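Here is the structure we will look at, set down as structure tokens.
In this text, all values refer to a predicted model and were calculated from it rather than measured experimentally. Ligands are counted one by one from 1 in listed order, and the atoms in each one are counted from 1 as well. Reckoned from all heavy atoms, side chains included, excluding hydrogens, waters and symmetry mates.
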Amino acid sequence: MLNVKSGWKNWRLLTDKGRQIWAFKPGSNAISEHLQNADSLSDDDIARMAEDFQFDKFSNPNSGDKVFRHAAMNARFHEFTGQIPQAGNPEAQQAADALVKGMNYYACLQSDDGHWPGDYGGPLFLLPGLLIAAYISGTPFPKAHREMMTLYLFNHQNEDAGWGMHIEGESTMFGTVMQYVSLRLLGVDKNHERMAKARGWIKNNGGATGIPSWGKFYLAILNCYDWQGFNSLFPEMWLFPKWLPVHPWRYWCHSRMVYLPMAYCYAQRISAPENALILSLREELYSEDFATINWPKQRNALCEKDAYTQLSPVLKWMNFFTNGYETVKCAWLRKKAADYILKYLNAEDEQTGYINIGPVNKAINSICIWQAHGKDSPQFKKHVARWYDYLWVAEDGMKMNGYNGSQLWDTAFATRAMLESDLGKLFPETIAKSYQFIELSQIQAEHPTHAEFFRHPMIGSWPFSTAEQGWPVADCTAEGLSAALAVHQSGLVKPVIDEQRLQQAADVILSYQNADGGWATYELTRAPKWLEKLNPSEVFADIMIDYSWTECTAACVISLLDIQVAYPAYRADEIRKAIGAGLRFILGQQKADGSWYGGWGVCFTYATWFGVEAISKAKDKGYYDDAVLATAISRACDFLTGKQKADGGWGETFKSCSTLVYTEAATSQVVNTAWALLALMAAGFDDKAVIEKGIRLLLSRQTDDGDWLQENISGVFNYNCMITYANYRNIFPIWALSRYSKRHVQA
Ligand code: LAN
């Protein structure tokens, strides 16, 4: 029995077709009733919460998802009683035993709908947006949630009393001011010792005028910053003709969908009515008297601890004109722009069942809809109902996830990991359930408004999270397709995803290939790279357009190779060409040292695994000059072996992502180790000692029940913000052990 603290027992995760909702003392499993008891906490409940959600971020800022996992294990864990096949030698036997133990443990975490739930927190600028939406709209979270959020925010305060942009980051103005304001909105007194210290951090670093633009936006909404101190978002740009290269339909969808509601708020200059708390915050956050601040001068003010990308001279020049336009703007045109924006964001709400594409537009759309339609409108109520889809409870409190979950992504990986060797067939029910989830997550219809609002056609695609959220992603489609094919091939289930649906998935993947041969994330690259010059974020890089990535390209190439095997005649010429161009793109991304930079995982080990996996799979099949492929693989292997640590493992820190230079972690990390091993084994690397040493590291880190401990953070976006993938610590060690066992164990 794992120790489930009593404060944890009050929280239960409810799931339905991938939807994840944490409920406080739920009376039933019905998601519709999840708030029933959330407002009636006893003093004892509160005291218990405070005690049981104590968390020591200084030993590891990454929580281990214990609230979910310990409960699931106690409810469902059973020892594996099947027969583990014999391996050829004791080493391989140990690996096979560990693999079965690892899969057995992991199978217990699968939810009834077939997916693997997990913590998807990490960024610290998300919950504040939601709390500001709740505050301005007068729709507070229930008491149970508020207490848990307060605990979370305090748990992640750094030693210097500030907060980072994400849980592993050093303090920044953005992180610190946003968490500080959140705690105040949650009712924490300004004289609380830790608040006084945080204020010290803010003032010692120049005060909140130096917060980056997204922070300026949130503070302006809260009426703690003057809209005059904010560069114009020029809402009229949404009325530009579509052919213009700067029309926002060409932006990366995440930037598009965030700057859309931001522009609405800006057009309406939405700001909370003054009250005692707001007046007090104005005093708490600034080094100077709020009334005397020269606002226009603050537009580009930026705390040096936050600076990651600079505003380009072109953007500054454009701001000069758009800021000037604000003083003479045409009211009629402004209204027309605001009306169009509202129509667009209503469409996004409808298309995603009010979940929205991500955590940022989720909060800002809520604010717009509240302002436009009112607190009692059905639209606003639908928004509020979906705030909870983003909240997650772990032993560090309640956080906001970076998405409504990573359901399809994790499930597809887990399925492929288990099926890589025949030992996965020892878990037929687990595979059947995950297949069921993969099946129900494939998108099978188009929205009536998809073309009007610039959506990429999506029939046959898979999303990152759930079909209901419904934004198709190129590499998620690839992973969904590869996983579905792997299940079909295993013979464990009767296929439900028919030939037509598989081919539609292949069609989508083909439709996503860029002119450079690579694949981007959600859409094609729709504008040239120079559009990046208009990136106003100051804290993120490469957010303006959807770029081709090594990982996304590798995943798509792999799935096309898979579909070629399953349906050799299907669009054969086009698929062969697409694979060749994809390989060329991947080769072009390889660094001089043989590695690849990863944009979505930490970091060089992640993308190097993808690069090697795709190239090895395509090798010797006539898709490309095989000598070139062989050289690329051997350079990658040299890179990886050069980074192996003395204990046999690999380890990188998030600094690799932001500095673009391989940054070794103090200790080996199981997730990095698994990626490196997967790559070396895919490459057929012939020095067995290297691989065996890595495998031994994975075995040495496995817990008695078959888990691995949560180590460093392993996900990233936009170079500079980190995100938790709680399932990776199981999926990738399992995958590496499967690959190892495939060579040594006969089932
Ligand atoms: C994700 C999560 C998944 C990720 C992969 C599929 C792993 C990747 O291969 C392609 C890109 C994608 C889909 C991705 C893009 C950026 C996201 C959506 C996120 C990292 C999750 C959260 C992040 C989003 C942008 C966070 C909100 C912040 C903003 C700057 C808007």
Side-chain angles (χ1 to χ4, degrees), residues 118-130 165-166 174 212-215 217 251-262 308-309 352 355-365 390 400-413 456 461-466 469-480 512 518-523 535-544 546-556 558-559 596 598-603 606-607 609-610 654 657 713-725 727-728 731:
D119 190 333
Y120 199 50
L124 289 177
F125 61 94
L126 306 175
L127 186 58
L130 202 57
M165 172 126 122
H166 55 86
F174 192 22
S213 57
W214 289 22
F217 168 82
Y251 294 1
W252 184 42
C253 56
H254 275 283
S255 291
R256 184 165 85 237
M257 300 320 291
V258 166
Y259 283 106
L260 180 85
M262 271 192 182
Y308 186 67
T309 47
T352 60
I355 297 168
N356 295 148
I357 192 173
V360 180
N361 80 327
K362 173 67 202 161
I364 310 178
N365 278 21
Y390 281 91
M400 186 173 186
N401 276 343
Y403 218 68
N404 68 320
S406 50
Q407 296 85 331
L408 180 277
W409 185 248
D410 289 331
T411 306
F413 271 156
H456 191 91
S461 70
W462 271 277
F464 178 69
S465 56
T466 58
Q469 190 266 1
W471 271 84
V473 183
D475 60 344
C476 298
T477 305
E479 297 301 344
Y512 266 128
W519 274 264
T521 64
Y522 294 74
E523 290 165 345
N535 175 356
S537 73
E538 298 151 328
V539 293
F540 304 117
D542 285 1
I543 61 164
M544 293 307 288
D546 207 337
Y547 296 89
S548 293
W549 290 96
T550 302
E551 304 99 291
C552 306
T553 304
C556 291
I558 290 167
S559 67
W596 279 270
W600 309 105
V602 178
C603 174
Y606 181 64
W609 165 53
F610 272 103
F654 76 86
C657 308
I713 200 154
S714 39
V716 59
F717 55 89
N718 310 141
Y719 299 77
N720 199 28
C721 192
M722 310 309 299
I723 188 157
T724 301
Y725 284 82
N727 282 298
Y728 280 12
I731 292 172

So if I count the atoms of ligand 1 from 1 in the order they appear, which ones are less than 4.0 Å from some heavy atom of [X]?
X: Gly402; result: 21 (C), 22 (C)
X: Val258; result: 31 (C)
X: Trp252; result: 15 (C), 16 (C), 25 (C)
X: Phe540; result: 30 (C)
X: Asn718; result: 30 (C)

- Task: Check each of Thr550, Thr521, Leu408, Asn361 against atom 11 (C) of ligand 1 and report the one with the nearest heavy atom.
- Result: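 That would be Thr521.
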
- Item | Of the listed options Trp214, Phe464, Trp519, closest to atom 3 (C) of ligand 1 (non-hydrogen atoms) | Phe464

Min heavy-atom dist [X] to ligand 1 below 4.0 Å:
X: Phe610; value: no
X: Glu551; value: no
X: Trp549; value: no

[X] contact mode with ligand 1 (heavy-atom cut-off under 4.0 Å):
X: Trp471; result: neither
X: Tyr259; result: neither
X: Tyr725; result: side chain
X: Cys476; result: side chain

Using the ring centroid of each side chain, check whether [X] and [Y] are separated by less than 6.0 Å.
X: Trp252; Y: Tyr259; answer: no
X: Trp549; Y: Trp600; answer: yes
X: Phe464; Y: Tyr403; answer: yes
X: Tyr719; Y: Tyr547; answer: no

- Mind checking what makes side-chain hydrogen bond (donor to acceptor under 3.5 Å, both in side chains) contact with Asp475, not counting sequence neighbours? none

- Task: Without swapping roles, check the side chain of Gln469 against the backbone of Ile357 for a donor-acceptor pair under 3.5 Å.
- Result: yes

- Message: Once you measure the plane-to-plane angle for Tyr728 and Phe413, does it fall in the parallel (<30°), tilted (30-60°) or perpendicular (>60°) bin?
- Response: perpendicular

- Message: Please verify the inter-ring angle class for His166 with Phe654; under 30° counts as parallel, over 60° as perpendicular, anything in between as tilted.
- Response: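 Answer is perpendicular, since the angle exceeds 60°.
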
- Can a donor-acceptor pair be found between the side chains of Asp546 and Thr521 at a distance below 3.5 Å?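 Side chains of Asp546 and Thr521: pair found under 3.5 Å.
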
- Message: Do Asn404 and Thr466 pair up side chain to side chain, a donor and an acceptor below 3.5 Å, judged on atom types alone?
- Response: yes

- Task: Among all protein heavy atoms, pick out the one at the shortest distance from atom 5 (C) of ligand 1; state its residue, atom name and that distance to 0.1 Å.
- Result: Asp475 OD2, 4.1 Å

- Could you find the nearest protein heavy atom to atom 7 (C) of ligand 1 and give me its residue, atom name and distance?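 Sorting protein heavy atoms by distance from atom 7 (C) of ligand 1 puts Trp409 CZ2, 3.6 Å first.
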
